[in-house]
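Reminder, nothing fancy here: chain letters follow the sequence lines and each chain counts from 1.
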Amino acid sequence: MYDILAMLRSGEIHPMHAVAVFTILVSMSINVIVSKVKGYKVRYAIAAALPPYLNIWFSVGYILMAIFKKKQSQ
Amino acid sequence: MQSKAFNKIANLTDNDSMSSVHNTHVISVSTGVVKSFVVSSQPRINRHGELETLISTQAIPAPSYLVNQTSVAWNQYKEKSSKLFVPIESGFESAWSITQNTSNRSRLDDWLEENHSINYWSRQISSTFGGALWSPLAGTEWEIVFSDDSSLIMVASTTTSSRLKLSYKAMSAEDADGNRIPDAGMSVQGEYTFSNERNLSNFLGKLSRYGIRYVVVHSGSVGGRKRVTITDISRY
């Protein structure tokens, strides 16, 4: 972890890339947890977490959908 | 500070018919300075036959317990303040050493990272990661204050920065009186105002020290403050 910070500070890793990876990890964990809890398809949850920077907004939408979407009657 | 002691006693003893002597202590927590004065108030009849109060102030050494208490309060103020204070032990005595020596900017960032780690990383992460999600958080500016009261502004990195380091904001350095400290290679031409003779000679001394030749075209005093107009000739 310390090495990664040192590389970020020296410019060997660009902050943009670090933030992209960070947002993918955070939004993927949020999406997967929500999909497991609500019984949605996991592959869509993972796909929504892949585009960097957009993914965090997809996650917000995913959470809102999980809260407000009513279950369709069979 | 002397004028504060003067005004306080002048208001307190205005039109008093008895003379009095007051020990007055003036404390500034934001600068950690304490000064003590003996202020004497004396009534007298002026040539129109009216009562007037004569006030005189004399500086005396501040009591040591007040100096200690002010020092403690100042340290607490520095910890709570959003400004980051750089003591002389850091090796950076003034904002001059950052503006004129560009390699010191990276060293100052390293020093802040080592000595103000929590402050440093909370600002960097909120600007870089927070700024990626919400633009008002990106590239926040932070004031760094040096032991001679000069200051400058460092900008937190964003996702568009090449390195995760605080960067110096160009032309942001000021001395204790708010006069702009020139960046390396910049002109010093302009009008400068100083609160006392010492600050003025410090400023001119720094210009000479960093090889900036100048001419004082005009000097004077405005409202008790020394004012000089400087123009530079050329650099060595």
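Side-chain atoms of B:S103 and B:R107 form a donor-acceptor pair, as typed in the model, at a separation below 3.5 Å. Checked by atom type, the side-chain pair B:K165/B:S106 shows a donor-acceptor distance below 3.5 Å.
For B:T128, the parts lying under 4.5 angstrom from a heavy atom of chain A are both the backbone and the side chain. Using a 4.5 Å cut-off between heavy atoms, A:I56 touches chain B through its side chain atoms alone.
Put simply, of B:S162, B:S157, B:A132, the one with the most heavy-atom pairs under 4.5 Å next to chain A is B:S162.
The pair B:R209-B:E93 counts as a salt bridge, with a side-chain nitrogen and a carboxylate oxygen less than 4.0 angstrom apart. In summary, B:D175 and B:R180 do not engage in a salt bridge, as defined by a charged side-chain N under 4.0 Å from a carboxylate O.
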